[in-house]
Amino acid sequence: MSQHNHAKALGLADDDTQASANEGEWKILVVDDERDVHSVTNIVLQHDIVLGRKIRLLHAYSGTQAIEILKSEPDIALVLLDVVMETDDDGLMVAAYVRLSSTNPHTRIVMRTGQPGVISEQIAAKDFQVNYYEPKSQLTAERLRAIVHMAIDAYHSSVTLAQTVAQLKTTLNDLELFSNAVAHDLKTPGRQIALLADLLLEDLPVDTPRETRELAAQIGDAGRRLINMTEELLDLSRLGKNSLNMSELTAEELIDNVLNDLRFNLRDEEIDIQVEIDPEIILHVDREKFKHVINNIVENSCKYRSKERILHILISVKRSLDNCTIEISDNGTGINESMLDSIFLPFRRAVDGDEVNGSGIGLAICRRIVDLHDGTIYASSTEGDGTTICITLPVT
């Protein structure tokens, strides 16, 4: 099989018609103190087409000369690098410059050495991030062409990925500005609605019908719900890995912190809360965000309590192998089985209408927080008999 057909079989070469449709060339820097190596490399690669572009070879005969070329040509895709030239570590100096000082972090390095014992392949890969390590004695023309094609393809993918990430960052910044602007525009009329409704209630004559007062109150509540929903949507959109403030604490400490807040917030409620915790479990979590998760679930239990019995809530924390399971069970009204898969989606609620206060975003925020901790959250329920929310987290 010819060299050209061999590369095509590997899916590495494109035909010449692609080259005319693509501008630019792939720059390859050949660094070697042997002129014959430069000549042979030129013969092997001079007619190759990679991803629709021709190859242009740049030549350096020492490490110092190579660094000068790298400074003046910032878009070099690949360096074919000899190790031993003027000194035993001339090639390593070039590799170190590419990885530490150059403005192009995507450049691939193929180390071609006639003296493999000078530096091991492991050190070349680990300390100098060399992508390919090839003894010259084993580097055939076919092998060289295949490596060059694969290295340029990897370079192209790396550059494309970096460009995509940069575009995504710009888009995310634009979206954040947009969402903040929209949130402001939504909250302003919400505040005005709530304020005007409250003022209307205060100014209504004493003999105003009860239905009229109730309608004015509902208008105010709707304005406040709009404000809360907007704020919760913003909270959900801002949740990311970089928003976490991780620390280690025992599961017992986490639940105690939650219960202290709950006892204050629910001091007027008739609720029986029981706790079963393995005191040796240590969690690596964002303390405040996970308190929010547990609080939200318990508050949901209070919202969906049965009117026929005292609300009982059981919070259990157990360990199984490398995981910690937090279960929060109640004896409330329960959730219809058809809705269990959707309650963690925004604006999905266990009941329809305005029977229970809330925006329908709370559990979506809980799931997002748990996801950011590499955990899972799901619900099981029997309608009329209560609900269990189960959270699984990795433990330290």
Side-chain angles (χ1 to χ4, degrees), residues 232 235-236 238-267 269-305 310-335 337 340-346 350 358 361-382 385-396:
E232 289 187 347
D235 290 341
L236 181 60
R238 289 168 178 164
L239 282 173
K241 282 284 188 183
N242 58 355
S243 69
L244 298 182
N245 181 21
M246 305 293 281
S247 63
E248 286 192 356
L249 72 163
T250 64
E252 191 171 36
E253 183 182 356
L254 173 66
I255 301 303
D256 282 345
N257 288 341
V258 172
L259 291 179
N260 287 335
D261 291 342
L262 286 172
R263 290 189 184 102
F264 178 80
N265 295 332
L266 304 175
R267 58 189 180 278
E269 303 280 351
E270 191 174 3
I271 303 172
D272 175 34
I273 300 179
Q274 297 180 350
V275 177
E276 297 177 359
I277 303 177
D278 180 346
E280 296 182 358
I281 295 177
I282 298 177
L283 303 175
H284 187 64
V285 297
D286 183 311
R287 180 194 300 259
E288 294 305 315
K289 286 186 172 57
F290 234 86
K291 281 176 60 178
H292 175 86
V293 171
I294 308 299
N295 266 312
N296 189 282
I297 295 171
V298 173
E299 287 173 0
N300 275 353
S301 293
C302 295
K303 290 178 184 178
Y304 298 101
R305 63 196 302 173
I310 295 176
L311 176 61
H312 293 282
I313 298 174
L314 172 62
I315 302 175
S316 68
V317 186
K318 300 176 183 177
R319 179 168 181 164
S320 174
L321 297 177
D322 295 328
N323 292 324
C324 161
T325 301
I326 302 173
E327 286 190 355
I328 303 173
S329 302
D330 64 51
N331 65 339
T333 58
I335 303 170
E337 186 177 356
L340 286 177
D341 293 335
S342 63
I343 61 171
F344 296 102
L345 299 175
I361 303 174
L363 286 179
I365 293 176
C366 290
R367 185 176 72 169
R368 180 62 177 150
I369 292 172
V370 172
D371 287 345
L372 290 173
H373 285 79
D374 299 320
T376 59
I377 182 170
Y378 62 91
S380 59
S381 181
T382 301
D385 288 337
T387 302
T388 296
I389 303 291
C390 182
I391 301 169
T392 302
L393 291 173
V395 296
T396 56

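The first residue in the sequence is number 1, and the count goes up from there. Just so it is clear, the structure is predicted and the values come from calculations on it, not from any experiment.
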Can you check whether [Y]'s main-chain N or O pairs, donor with acceptor, with [X]'s side chain at less than 3.5 Å?
X	Y	result
N296	H292	no
N331	H312	yes
S381	I335	yes

What is the distance from atom [atom1] of [X] to atom [atom2] of [Y], rounded to the nearest 0.5 Å?
X	Y	atom1	atom2	result
I377	L363	CD1	CG	6.5 Å
C324	R319	SG	CZ	8.5 Å
S316	K318	OG	NZ	5.0 Å
I391	N323	CD1	CG	13.0 Å

**Request:** Give a yes or no on whether a salt bridge exists between E253 and R287, defined as a side-chain N under 4.0 angstrom from a carboxylate O.
**Result:** yes
Can you give me the closest heavy-atom contact between [X] and [Y], atom names plus distance?
X	Y	answer
L259	V275	CD1-CG2, 3.5 Å
L393	F290	CD1-CZ, 3.3 Å
S380	L340	CA-CD1, 4.3 Å
C302	I271	SG-CD1, 3.4 Å
D286	H373	N-NE2, 2.9 Å
P394	D374	CD-O, 3.7 Å

**Contact list for residues 273-284, test salt bridge (charged side-chain N to carboxylate O under 4.0 Å, His left out), sequence neighbours left out** = none
**Prompt:** Of D330, T387, T333, which is the lone residue that meets side-chain hydrogen bond (donor to acceptor under 3.5 Å, both in side chains) with S301?
**Reply:** D330
